[in-house]
Number of protein chains: 2
Amino acid sequence: MNQYIQPSASTASSRIYDILRKDLVGGRFAAGEKLAINALKEQYQVGLSPLREALNKLAAYGLLIQENQRGFRVPTLSRDELDDIAQMRLALEVMAFEQAIVRGDSAWEADLLAAEHRLKCADMTLDKDDEWERLHTQFHRTLVAPCGSVWLLRFIEQLHDQFDRYRRLGPKMPVIRQELDQQHHELVELALKRDAETARKLLDDHIRKSYDVALQCFLEHG
Amino acid sequence: MNQYIQPSASTASSRIYDILRKDLVGGRFAAGEKLAINALKEQYQVGLSPLREALNKLAAYGLLIQENQRGFRVPTLSRDELDDIAQMRLALEVMAFEQAIVRGDSAWEADLLAAEHRLKCADMTLDKDDEWERLHTQFHRTLVAPCGSVWLLRFIEQLHDQFDRYRRLGPKMPVIRQELDQQHHELVELALKRDAETARKLLDDHIRKSYDVALQCFLEHG
DNA sequence: CTCAGCTAAATAATCGATTTTTTATTTATA
DNA sequence: TATAAATAAAAAATCGATTATTTAGCTGAG
């Protein structure tokens, strides 16, 4: 097949990795649950080798626990860990956002406006929930994207996934969500104004509010 | 076999992972090099499945690049990335060390003294170099161990591995190393005195000096 | 009744072979 | 001579079966 049209096909292994990552973050598996590999094979219609390779990657990424000779299990949840994750998000995302405000160019400004608009629109159609999650992740990714540090972005992404395991335990909370959505808008405004100091404070507050939501989810449904 | 004596055996996959991680950090493979899986199989006397699982984990960890349908390669080195890694080390390790000084108990103090002593002694016998590397890593791990954040420790460990890919490009530099060793000693002293402010500054300086070493290694041998 | 030791079943890990895709080489064509 | 298509060789990914280890169920001694 033409190389230009299909520069490099994906593999079964990378496909199942993406799917499992999404399902683990989305809470499709119970915390602490032991994964039955044969069942997964059937459920996801995938061979053993690609499945195991994906599970190995997810374990290295932190979305699974691998125990020698006894397979893979979903990490348990704890308040201590949620606190840890939230604290780290606070430190790293604020750091990244400050840098992004310094370094981001006009293309970034456009990306921000676009990401916020997409998120707001998706919010209207409440049925497609996975789509909202995707756009929400994308929005926060855009916020810090031009921070200049590949490793910082990598860590932030990882923490987001971990954080969402908690946040997505419970149902949506319309009241608080509206408040958070309002902050999304304000964050973009402050970024465009390059008001680093106020932006820092607002992102700090935004993450704290998100933490409150996630904590409530954990206490009620974890 | 008795479960108490052998709580859970290791797997071929985890063993080869440890070995490859060490070899990748130690610079046994050239930066940018494409890994010939069949050659590795023979070199390390390991089967294809455990090898591939290890490579997948290393890719998720950041010590390999995985490209769909075209295997694994060793990440290239660049000054930009070295700067990024050093900056992140600075931010995260200082943060962790400050917390460790607040939270570390007397057991930590003992661990610190022990780790520093072991490192100093290993330094005498210059022939066993891998051993020095192991003890050096262990020393820095001990420094931040009681910081209270599992995720922070995880990120720091990852950055250390990345940083060492640069630092270990070149030969040992006795003069600067002696200076760094002296700082190891002072770091322990300040930790025991719980002098957070001075400790912070010294660790900052220590990492900057290490960066200078790594940068020189990269410019001369990368 | 409890618990250690044994056996059977289930599961995890690994192997060897096959299939798919990429890369290198050749051949034909403008 | 350069380019593109066709073919051959190499390498990556996956499959199906085997081996090793753990887990669950059983049995009998204390």
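Numbered from 1 within each chain, the chains take letters A, B, ... in sequence-line order.
- Straight-line distance from the CG atom of A:Leu55 to the P atom of C:dT11: 15 Å, rounded to whole Å.
- Residue contacts for A:Leu51: at a heavy-atom cut-off of 4.0 Å it reaches no nucleic acid atom on any strand shown.
- Straight-line distance from the CD1 atom of A:Ile37 to the C1' atom of D:dT22: 13 Å, rounded to whole Å.
- Taking atom CD of A:Gln69 as the reference point, atom P of D:dT19 lies 16 Å away to the nearest angstrom.
- B:Leu35 comes within 4.0 angstrom of sugar-phosphate atoms only, judged by non-hydrogen atoms across all strands, and of no base.
- Of the two residues contacting DNA chain D, namely A:Leu48 and A:Thr11, the nearest-nucleotide position lying further toward the 5' end is that of A:Thr11.
- Considering only heavy atoms from C-beta on, A:Pro146 comes within 4.5 Å of A:Trp108 through its side chain.
- When the nucleotides C:dC15, C:dA13, D:dT14 are ranked by their closest atom to the side chain of A:Glu53, D:dT14 comes out on top.
- In this entry the distance linking NZ of A:Lys34 with C1' of D:dT21 reads 11 Å, nearest Å.
- Dashed line: the shortest gap from a side-chain N or O of B:Arg52 to OP1 or OP2 of D:dA12 is not under 4.0 Å.
- For A:Arg177 and A:Trp132, the positive end sits near the middle of the six-membered ring, less than 6.0 Å away and at most 45° from its axis.
- Whole-Å rounding puts the B:Lys41 NZ to D:dA13 C1' distance at 13 Å.
- We find that CD of A:Gln66 is positioned 18 Å from P of C:dT11, with the value rounded to whole Å.
- Distance A:Arg70 CZ to C:dA13 P: 10 Å, rounded to the nearest Å.
- Side chains of A:Met88 and B:Phe155 form a contact here, defined as non-hydrogen atoms less than 4.5 Å apart.
- To the nearest angstrom, P of C:dT14 lies 15 Å from CD of B:Gln45.
- Cation-pi geometry between A:Arg89 and A:Phe163 is satisfied (NZ or CZ under 6.0 Å from the ring centre, within 45° of the ring normal).
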